[in-house]
Amino acid sequence: MTETRVPVELKIAAQAAGIALEAGALIRGFFERGVATEYKGDVDLVTEADRASERLITERLSATWPAHGIFGEEGARQRMEGEYRWYVDPLDGTTNFAHGFPVFCVSLGLERRLQGQAEDEDGELVAGVIYDPTRDELFAAEAGRGAWLNGRRVRTSSTKMLAEALLATGFPSRKRHANPNVHFYQEFTLRSHGVRRAGSAALDLAYTACGRLDGFWEINLNPWDTAAGALLVLEAGGSMSTFEGGPFHLSSREVLATNGLLRREVSGLFADMLAGKDLSPIPTPREFAEARQQR
Ligand code: IPD
Ligand code: CA
Ligand code: CA
């Protein structure tokens, strides 16, 4: 089944796709049956589906590539000294999943690391697979071999101006009060066709890769959220950077993905905002209430 969805020359991604499809079917089953939700923190949710998916992925990756390391969101840490390391998000979009909102996926990204490389230094991204089990969409990429969706080559969009762009962002479930993203959200919403907050960073990146979105940004993502999606965006012709256009790393606390054509304009706007330039004015709730009374 994966042969028709991932070209044979993407050998690693094709095998990883089989694992992602299996994990996707597992979480879809939990989704259909319903599953209890627990709190990892504040509003950070986890379910039995997250854990079961990570167990399955860890077993399958270890059986397929016994020397590869694994770094999973739900705690899997295996062979961390290895040359290759899989970043595993067994269920990206858990809040959606827990509420019955059908936007979530499995994300597997492979990094190749140099011998003795410090933990805070990145290696190179080698392969990535993202599977959305509710739409049955399989995104796959390998370094130098392009980005693919269900067996078809995908490329980033050709949108040239922010004013004509559809963007996405996300908000963290931890330390929400320390996150200024709502300000960026305001400004980009007023200057584009709109900003979506669908609730799965990996799918936001996959959608940027295939041109459904023109760009995506978020603060405080983790490597399991971004490893596969970043490679998809790059292989599809897009750009990955920090907000002001600096180099992207898996450990970056800021992620900006664009179709490449918008990078300069979007980074410029971030730079202006971060330098304290005033945001476009909008009425405060109080002003809105007063104006309403005068109507
Ligand atoms: C979350 C999703 C969400 C993003 C959060 C992530 P999780 O991942 O990707 O879109 O805004 O920052 O933590 O917890 O559902 O795997
Ligand atoms: Ca997750
Ligand atoms: Ca995630």
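When a ligand or atom number is given, it counts from 1 through the structure's own listing order. In this chain, numbering begins with 1 at the start of the sequence shown.
- Residue contacts with ligand 1 do not include Ser173, since none of its heavy atoms lies under 4.0 Å from the ligand.
- For atom 1 (C) of ligand 1, the closest non-hydrogen atom of the protein is Asp92 OD1, 3.8 Å.
- At a threshold of 4.5 Å between non-hydrogen side-chain atoms, the residues Leu261 and Thr156 do not count as touching.
- Looking at Asp89 and the Ca ion (ligand 3) together, the shortest N, O or S contact belongs to OD2.
- Close approach of ligand 1 to Asp89 is summarised as follows: ligand atoms under 4.0 Å from at least one heavy atom of the residue are 16 (O).
- If you check the side chains of Ser200 and Asn96, you find no donor sitting under 3.5 Å from an acceptor.
- Taking every heavy atom of Asp225 and a limit of under 4.0 angstrom, the matching atoms of ligand 1 come to 8 (O).
- Among Gly229, Gly199, Gly93, Ala168, the residue whose heavy atom lies closest to atom 10 (O) of ligand 1 is Gly199.
- The shortest heavy-atom distance from Asn222 to ligand 1 is not under 4.0 Å.
- Of the candidates Arg286, Gln293, Arg292, Glu290 forms a side-chain hydrogen bond (donor to acceptor under 3.5 Å, both in side chains) with just one, namely Arg286.
- Using a 4.0 Å cut-off between charged side-chain N and carboxylate O, Glu187 and Arg191 make a salt bridge.
- Remark: the Gln78 side chain and the Thr58 side chain contain no N/O donor-acceptor pair separated by less than 3.5 Å.
- Near Gly170, the atoms of ligand 1 lying under 4.0 angstrom from a non-hydrogen atom of the residue are 11 (O).
- Between Glu235 and Arg153 no salt bridge is recorded (no basic side-chain N to carboxylate O distance below 4.0 Å).
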For Leu269 and Glu244, run side chain to side chain contact (heavy atoms under 4.5 Å, CB included): C-alpha distance rounded to whole Å, both residues' side-chain angles, the deciding distance at 0.1 Å, then the answer. CA-CA 8 Å; Leu269 182 53; Glu244 290 153 291; over 6 Å; no
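- The Ala201 neighbourhood of ligand 1 comprises atoms 2 (C), 9 (O), 10 (O), with distances under 4.0 Å to a heavy atom of that residue.
- Taking the charged nitrogens against the carboxylate oxygens, Glu38 and Arg51 do have a contact shorter than 4.0 Å, which makes a salt bridge.
- Geometrically, Arg85 does not engage Phe71 in a cation-pi contact defined by less than 6.0 Å to the ring centre and at most 45° from the axis.
- The Ca ion (ligand 2) is the vertex of the angle joining OE1 of Glu73 and O of Leu91, which measures 170° to the nearest 10°.
- For ligand 1 and Ser200, the ligand atoms under 4.0 Å from any heavy atom of the residue are 9 (O), 10 (O).
- Contacts with ligand 1 closer than 4.0 Å are made by backbone heavy atoms (N, CA, C, O) of Phe171 only, the side chain lying farther away.
- Of the candidates Glu218, Glu74, Glu73, Arg197, Glu218 brings a heavy atom nearest to atom 12 (O) of ligand 1.
- Counting atoms of ligand 1 from 1 in the listed order, those under 4.0 Å from a heavy atom of Thr94 are 15 (O).
- Distances from the Ca ion (ligand 2) show that Gly93 has no N/O/S atom below 3.0 Å.
- Of the inter-residue distances, the one linking Ile70 atom CD1 with Leu110 atom CG reads 10.5 Å to the nearest 0.5 angstrom.
- Close approach of ligand 1 to Leu221 is summarised as follows: ligand atoms under 4.0 Å from at least one heavy atom of the residue are 12 (O).
- Side-chain atoms of Ser107 and Asp92 include no donor-acceptor pair closer than 3.5 Å.
- Between the OD1 atom of Asp225 and the OD1 atom of Asp92, the angle centred on the Ca ion (ligand 3) amounts to 100° when rounded to 10°.
- When distances to the Ca ion (ligand 2) are checked against a cut-off of 3.0 Å, Glu74 contributes no N, O or S atom below that limit.
- Each of the atoms 16 (O) of ligand 1 lies under 4.0 Å from some heavy atom of Leu91.
- Of the charged side-chain nitrogens involved, none lies within less than 4.0 Å of a carboxylate oxygen, so that Arg28 and Asp136 do not count as a salt-bridged pair.
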